[in-house]
Amino acid sequence: MFKIGFIGTGVMGTAMIKNLITANYEVSVFNRTKSHAEEAINYGAHWMDSPAKVSAVSDIIITMVGFPKDVEEVYLGEDGIIAQLKPNQIILDMSTSSPSLSKQISDAAHEMGGLALDAPVTGGDIGARKGTLTIMVGGDKEAYDKTKDILHKLGSSVVYFGKSGNGQHVKLINQIMIAGTMTGLTESYLYANAAGIDPESVFKTIGQGAAQNWSMDNYIPRILNNDYTPGFFAKHFLKDLRLALDESDKLGLDLRATEQAKRLYEIMVDVKNLGNLGTQGLFKIY
Ligand code: NAP
């Protein structure tokens, strides 16, 4: 059985590590803030002092960190994974990051004789806990064939999309769709309140019709409970919208609705300083 290294014990990582340990994998972990790894260590993960040390004891290294700069640091930084990579070792970045950074890391892994995948996810904190994530994979097919059993412990839908960076591209396509569902649910909620119609009943009803979507099903109950904990950090969603718009620029596209969603999340994160709330807190800027 493969020995797994896992870097990033946040909202998503901790739940994913638990699922891997439940499936009897041996898991070694590193996280920027050691105290935030306590839950994973309590599940049975072994603590290592750096990404390089995780790499040294693992056949496969999974990363689930926050921003592209974090991905760059854990792979390419001093004491990073790549410097220690051994032939045939597999790296698997599951953070939402940039397709071009995935390609750069993949090239660096190949130089060391390793294999690389980008495998971002959708399905939220709930999907991570239940092991029902949707996982979109790009990179070395050989690595995909070797790791798909592991990925199926984390997700119920795992799809290979070809070359390095394609997993990230599909995730950004997903986020363009979510830009619509998050702004839609926010403004529907404001309208229901202003019209004085019980929002719980409204969303139960429209959730049976053409407006049904994952964001509404999962975030309206949290809003109704006054629960703005992340779930999915607003600061991470803004990062994703910026990545999607950067990539669409390169493709010669002008995605005006996504641009508008980005502006709204910029107000939430950069102006109102609410980036550590969940994405469902968007209506607080209205
Ligand atoms: P999170 O709770 O902030 O977790 C990120 C973890 O990575 C934190 O524990 C952080 O350490 C650690 N980290 C960051 N930089 C690091 C570094 N240089 N070295 C070691 N550890 C580092 O975020 P999350 O919600 O789990 O999301 C993780 C990724 O998944 C993001 O890219 C996000 O966009 C994506 N994603 C999230 C969701 C969701 O619903 N939450 C869904 C799909 C995709 P600290 O403890 O020091 O902060």
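Reckoned from all heavy atoms, side chains included, excluding hydrogens, waters and symmetry mates. One-based numbering, in listed order, for ligands and for the atoms of each. Because the structure is a prediction, the values reported are computed rather than measured.
Protein heavy atom at the shortest distance from atom 4 (O) of ligand 1 is Gly10 CA, 3.3 Å. The shortest contact between atom 32 (O) of ligand 1 and any protein heavy atom is with Gly66 O, 2.7 Å. For atom 47 (O) of ligand 1, the nearest protein heavy atom (residue, atom name, distance) is Thr33 OG1, 2.5 Å. The nearest heavy-atom contact from the protein to atom 17 (C) of ligand 1 is Val74 CG1, 3.6 Å. Nearest protein heavy-atom contact of atom 10 (C) of ligand 1 is Asn31 OD1, 3.5 Å. Considering only non-hydrogen protein atoms, atom 42 (C) of ligand 1 sits nearest to Met12 CE, 3.6 Å. Here the heavy atom of the protein found nearest to atom 1 (P) of ligand 1 is Phe233 CE1, 3.8 Å. Shortest contact from atom 30 (O) of ligand 1 to any protein heavy atom: Met64 CE, 3.2 Å.
Taking a cut-off of under 4.0 Å to the non-hydrogen atoms of Ser95, the atoms of ligand 1 that pass are 32 (O). Ligand-side atoms of ligand 1 in range of Thr9: 9 (O), range being under 4.0 angstrom from any heavy atom. If you number the atoms of ligand 1 from 1 as listed, the ones under 4.0 Å from a heavy atom of Lys171 come out as 43 (C), 44 (C). The ligand atoms of ligand 1 that sit less than 4.0 angstrom from a heavy atom of Asp125 are 40 (O). Near Glu73, meaning under 4.0 Å from one of its heavy atoms, ligand 1 places the atoms 18 (N).
When heavy-atom distances to ligand 1 are checked against a 4.0 Å cut-off, Phe30 comes that close only through its side chain, counted from C-beta outward. Neither the backbone nor the side chain of Lys34 comes within 4.0 Å of ligand 1, counting heavy atoms alone.
No donor-acceptor contact under 3.5 angstrom links the side chains of Ser35 and Thr33, judged on distance only.
Considering Arg32, Met94, Gln175 only, the shortest heavy-atom separation from atom 48 (O) of ligand 1 involves Arg32.
For Lys69, the heavy-atom gap to ligand 1 stays at 4.0 angstrom or more.
Ring geometry, Trp214 versus Tyr219: the interplanar angle exceeds 60°, so the pair is classed perpendicular (tilted spans 30 to 60°).
Close N/O approach between Thr96 and ligand 1 is found [any backbone or side-chain N/O within under 3.5 Å]. Checking only distances, Gly231 does come within under 3.5 Å of ligand 1, N or O to N or O. In terms of polar-atom proximity, Gly8 is not counted as a contact of ligand 1, lacking any N or O under 3.5 Å from an N or O of the ligand. Between His36 and ligand 1, at least one N/O pair is under 3.5 Å apart. Annotation: Lys239 places an N or O atom under 3.5 Å from an N or O atom of ligand 1; distance criterion only. Checked by distance only, ligand 1 and Gly124 stay at 3.5 Å or farther apart across all their nitrogen or oxygen atoms. The shortest N or O to N or O distance between Val65 and ligand 1 is under 3.5 Å. By the 3.5 Å distance cut-off applied to N or O atoms, Val11 is counted among the residues near ligand 1.
In the hydrophobic clustering of this structure, Leu243 does not group with Ile105; members are Ile, Leu, Val, Met, Phe, Trp, Tyr whose side-chain heavy atoms approach within less than 4.5 Å, directly or through other members. A continuous path of hydrophobic side-chain contacts links Leu238 to Tyr286 [ILVMFWY only; heavy atoms under 4.5 Å]. By the rule that hydrophobic residues join a cluster once side-chain heavy atoms approach within less than 4.5 Å of another member, Phe237 and Met136 end up as members of separate clusters.
With Asp270 as the fixed residue, the salt bridge (Lys or Arg N to Asp or Glu O under 4.0 Å) test singles out one of Arg263, Lys239, Lys262, Arg242: Arg242.
Sparse packing is recorded around NZ of Lys204, with 12 or fewer heavy atoms of other residues, nucleotides or ligands lying under 6.0 Å away. At most 12 non-hydrogen atoms from other residues, nucleotides or ligands lie less than 6.0 angstrom from NZ of Lys163.
Between Met177 and Asn213 the shortest side-chain heavy-atom distance does not fall below 4.5 Å. Gln89 places none of its side-chain heavy atoms less than 4.5 Å from the side chain of Ile81. Side-chain contact between Phe283 and Glu187 is absent, with no heavy atoms from C-beta onward closer than 4.5 Å.
Between Phe161 and His169, the ring center distance fails the sub-6.0 Å criterion.
Stacking of Lys146 on the aromatic ring of Phe2 is not recorded, the 6.0 Å distance cut-off and the 45° axial limit not both being met.
With hydrogens and angles ignored, the 3.5 Å screen pairs no side-chain donor or acceptor of Ser58 with any backbone N or O of Ser55.
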side-chain hydrogen bond (donor to acceptor under 3.5 Å, both in side chains), that's the test. Do Ser215 and Thr181 meet it? Break it down for me.
CA-CA 6 Å; Ser215 301; Thr181 57; 2.7 Å; yes
